[in-house]
There are 2 protein chains.
Amino acid sequence: MALAHAILASLVECPCSGYDLAKRFDGSVGFFWVASHQQIYRELPKLEELGWIESEAIAQFPRPDKKLYYITELGKQQLREWIDKPCEPTLIKDDLLVKIFAGYVVNSEKILEQIEYHEKAHRERLLVYKQIEQQYFQLPIEQMPESEKFRYLTLLNGINYETYWLAWCKQAIELLEK
Amino acid sequence: MALAHAILASLVECPCSGYDLAKRFDGSVGFFWVASHQQIYRELPKLEELGWIESEAIAQFPRPDKKLYYITELGKQQLREWIDKPCEPTLIKDDLLVKIFAGYVVNSEKILEQIEYHEKAHRERLLVYKQIEQQYFQLPIEQMPESEKFRYLTLLNGINYETYWLAWCKQAIELLEK
DNA sequence: TCTGCCATGTAAGTTGTTACATGATTAT
DNA sequence: ATAATCATGTAACAACTTACATGGCAGA
């Protein structure tokens, strides 16, 4: 139930609506856990029933009301317990690699095109992450508040991830062009 | 439908039974696409119905019969078309990073323990991959047959993946110990 | 006028996980 | 004896994707 806990992790920072959650899952939280608005809207009533979150209708006339969700004490406790429970490293699961594996059944050029496309996408994403780093994480580590450190670590992971893919794409192109 | 295509990618190499497929998805193919035996057994009749694969019962008395699956021409064509169709890079989706993101709500030591556990797991996996590299991919790239090149690329990706995680774990431990 | 943003959902279908179920053979 | 391997599945549930559905407001 990691989606549930990802929602809790986001709500513990700051209460917000389903819509806002969906946006966060398209930005910061989304850098390591993607969820569509459909998933989120379906999950919220479940979490409310469990008593992990509660909601409050906020009138904002003439705009439609929004439901403000916030985490409960029980929810925080659940989040803490989940964080403390060990988990296994995530395994790679990647379409492109399946394609590469069977790449010899098609024209090499088509494969190369795809790798080049991925290379571009990863380069762009890396740039975005580096810009975020420049903008929000300028303080030296020693002066960073605790919660900032954790956020920074997730960003660093993203930077390392994109760097690894970028490097692999270059290797792959080089190897296939031989 | 990447599971379907991952199965095709495996069968195009060599026909085999559901059981054998499950084993491959626990080894070579499993390095970039994991699937349980339940998933595989459920998928096989579907693929047969589509005409992408066919099966033959092999008697092996006194052992129980096994169904040998092989890819059809239509299946190969489907695989080629799928490979040529562009796809988007896979986004990170990782429990540990959700935990890190909300890491400030628990004791840092617990988080450190988990990162250390992951570090160990990644180091071990990296070692396995490097041993495979030493054993099966000794030829210089120029002399590698085409299909070997593609297999090698998937292995290289695995090596880069584990290396990136390992490096991040080290960074994370260092940063959190400050 | 049209695009984008705010705001919330339902429905159908696919994919993935966990648990259950059986039964023979082979190696220790 | 008993554990591991060969061999194949079903059932229930959880998670995820894709498409459908609505309607107002703000800015170019």
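The basis for the numbers below is simple: all heavy atoms, side chains too, and nothing from hydrogens, waters or symmetry mates. Here is how names work: the chains are called A, B, and so on, in the same order as the sequence lines, proteins then strands, and each is numbered from 1. Just so it is clear, the model here is predicted, and its values are computed rather than measured.
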For this session: Map Lys23(A) and Ser36(B) onto DNA chain C by nearest heavy atom, then report which one ends up closer to the 5' terminus.
Result: Lys23(A)
Rounding to an integer number of Å, can you tell me how far [X] [atom1] sits from [N] [atom2]?
X	N	atom1	atom2	result
Asp26(B)	dC6(D)	CG	P	12 Å
Arg42(A)	dT18(D)	CZ	P	13 Å
His37(A)	dA11(C)	NE2	P	14 Å
Ile7(A)	dA14(D)	CD1	P	16 Å
Lys67(B)	dC6(D)	NZ	P	19 Å
Ile40(B)	dT17(C)	CD1	P	11 Å
Leu21(B)	dT8(D)	CG	C1'	13 Å
Glu43(A)	dT17(D)	CD	C1'	15 Å

For this session: Map Tyr69(B) and Lys93(B) onto DNA chain D by nearest heavy atom, then report which one ends up closer to the 5' terminus.
Result: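 Mapping each residue to its closest nucleotide by heavy atoms, the 5'-most match is Tyr69(B).
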Exercise. Between the side chain of His118(B) and the main-chain N/O of Glu113(B), is any donor-acceptor distance below 3.5 Å?
Worked result: no
Problem set entry | Asp20(B) and Ser17(B) side chains, donor-acceptor separation under 3.5 Å |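 Short answer, yes.
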For this session: Would you kindly say whether Tyr117(A) and Glu88(B) are connected by a side-chain donor-acceptor distance under 3.5 Å?
Result: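 There is such a pair between these side chains.
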Between [options], which nucleotide gets closest to the side-chain atoms of [X]?
X	options	value
Gln38(A)	dA11(C), dA15(D), dG9(D)	dA11(C)
Leu3(A)	dA7(C), dC20(D), dC16(D)	dC16(D)
Gln39(A)	dG9(D), dC16(D), dA19(D)	dC16(D)
Lys66(B)	dT8(D), dG9(D), dA12(D)	dT8(D)

Exercise. For the residue pair Leu21(A) and Ser10(A), what are the closest heavy atoms and their distance?
Worked result: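 In terms of heavy atoms, the two residues are closest at CD2-OG, 3.6 Å.
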Is any side-chain N or O of [X] closer than 4.0 Å to OP1 or OP2 of [N]?
X	N	result
Tyr41(B)	dG9(D)	no
Ser17(A)	dC6(C)	no
Tyr19(B)	dT8(D)	no

For this session: Measure the acute angle between the ring planes of Phe31(A) and Tyr129(A), then classify it against the limits of 30° and 60° as parallel, tilted or perpendicular.
Result: perpendicular
